[in-house]
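Being a predicted model, the structure only gives us computed values, none of them experimental. All values below were derived from every heavy atom in this structure, side-chain atoms included, with hydrogens, water molecules and symmetry-related copies excluded.
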Amino acid sequence: MLQDRRRESIRALDESDRPHLYWHGVDGDGHVWLFETVLDDGGEYWPVRHAELGSDGLARTYSWRHIEDEHGFLAEGPIYPDDFGLNALTAEEFGTLWTALSR
């Protein structure tokens, strides 16, 4: 099944020893975005975890464990931090925010 293959591909990337980079941003509607990405050989940033806090105050998190729901999904391709105005986070900062939004 396609969804199972996608889940396993994301899990393998997440558990790889490739560089993990962390990002955050806020859009014009007040949504807060968090991304954990893995850098591939071509220099592209593949999301392995994504969290958002909507203007409705609801937190949503996505990873290989929970790829999608009725509100959204983990991106299916690379993201480009500059295109979204994302700013870098440390692994520790990302971890703190991820934990807070995963409750």
Side-chain angles (χ1 to χ4, degrees):
M1 181 172 192
L2 185 58
Q3 190 77 333
D4 291 336
R5 285 196 305 264
R6 181 170 176 235
R7 182 180 324 279
E8 289 310 309
S9 295
I10 295 166
R11 182 178 183 178
L13 196 57
D14 185 28
E15 294 175 350
S16 75
D17 60 357
R18 293 181 175 278
H20 287 240
L21 299 150
Y22 307 89
W23 311 93
H24 75 95
V26 179
D27 70 16
D29 294 328
H31 287 87
V32 177
W33 303 90
L34 298 173
F35 291 95
E36 177 180 356
T37 61
V38 175
L39 195 60
D40 74 5
D41 289 338
E44 292 186 311
Y45 301 92
W46 287 86
V48 293
R49 286 196 291 175
H50 157 211
E52 61 184 83
L53 180 61
S55 56
D56 58 7
L58 295 177
R60 297 170 179 94
T61 58
Y62 304 98
S63 68
W64 62 265
R65 289 181 171 93
H66 177 75
I67 290 182
E68 66 181 88
D69 58 27
E70 64 275 8
H71 303 288
F73 56 91
L74 184 65
E76 295 177 344
I79 63 166
Y80 303 93
D82 291 342
D83 291 351
F84 292 100
L86 299 176
N87 300 295
L89 288 172
T90 66
E92 293 78 20
E93 290 168 330
F94 180 90
T96 297
L97 293 168
W98 180 266
T99 299
L101 292 174
S102 296
R103 292 184 177 160

Subject >> ILVMFWY cluster, W64 and F35 together (side-chain gap under 4.5 Å) >> reply: no
Original post:
Side chains of S63 and D14: does their closest heavy-atom pair fall under 4.5 Å?
Top reply: no
Subject >> Pairing residues for E36 by the salt bridge (charged side-chain N to carboxylate O under 4.0 Å, His left out) criterion, not counting sequence neighbours >> reply: R49
Subject >> Sidechain-backbone polar pair: D69 side chain, G72 backbone, donor-acceptor under 3.5 Å >> reply: yes
Original post:
Which heavy atom of H66 sits nearest a heavy atom of R7, and at what distance?
Top reply: N-NH1, 4.4 Å
Subject >> salt bridge (charged side-chain N to carboxylate O under 4.0 Å, His left out) partners for E15, two or more places apart >> reply: R11
Original post:
Do the side-chain N and O atoms of T61 and W98 include a donor-acceptor pair separated by under 3.5 angstrom?
Top reply: no
Original post:
Judged by atom type as modelled, is there a donor-acceptor pair below 3.5 Å linking the side chain of S16 to the main-chain atoms of L13?
Top reply: yes
**OP:** Could you give me the CA-CA distance, side-chain angles and deciding distance for V32 and L101, then say whether side chain to side chain contact (heavy atoms under 4.5 Å, CB included) is met?
**Re:** CA-CA 11 Å; V32 177; L101 292 174; 5.8 Å; no
Original post:
Which class fits the ring pair H50 and W33: parallel under 30°, tilted 30 to 60°, perpendicular over 60°?
Top reply: parallel
Subject >> Single-linkage hydrophobic cluster W23~L34, side-chain heavy atoms < 4.5 angstrom >> reply: no
**OP:** With the side chain counted from C-beta on, respond yes when I79 and L86 share a heavy-atom pair under 4.5 Å apart, and no when they do not.
**Re:** yes
Original post:
In terms of hydrophobic clustering (I, L, V, M, F, W, Y; side-chain heavy atoms under 4.5 Å; direct or indirect links), are F84 and L21 co-clustered?
Top reply: yes
**OP:** Using the rule that two of Ile, Leu, Val, Met, Phe, Trp, Tyr join whenever any of their side-chain heavy atoms come within less than 4.5 Å, decide whether Y62 and V38 are in one cluster.
**Re:** yes
Give the table of side-chain donor-acceptor pairs shorter than 3.5 Å for residues 40-47, with sequence neighbours excluded, one pair per line with atom names and distance.
{"from": "D40", "atom 1": "OD1", "to": "G42", "atom 2": "N", "distance (Å)": "2.9"}
{"from": "D40", "atom 1": "OD1", "to": "G43", "atom 2": "N", "distance (Å)": "3.0"}
{"from": "D40", "atom 1": "OD1", "to": "E44", "atom 2": "N", "distance (Å)": "2.8"}
{"from": "D40", "atom 1": "OD2", "to": "W46", "atom 2": "NE1", "distance (Å)": "2.8"}
{"from": "D41", "atom 1": "OD1", "to": "R18", "atom 2": "NH1", "distance (Å)": "2.8"}
{"from": "D41", "atom 1": "OD1", "to": "R18", "atom 2": "NH2", "distance (Å)": "3.4"}
{"from": "D41", "atom 1": "OD2", "to": "R18", "atom 2": "NH2", "distance (Å)": "3.4"}
{"from": "E44", "atom 1": "OE2", "to": "Y80", "atom 2": "OH", "distance (Å)": "2.6"}

**OP:** Check for a donor-acceptor pair, side chain of D27 on one end and backbone N or O of D29 on the other, with a separation under 3.5 Å.
**Re:** yes
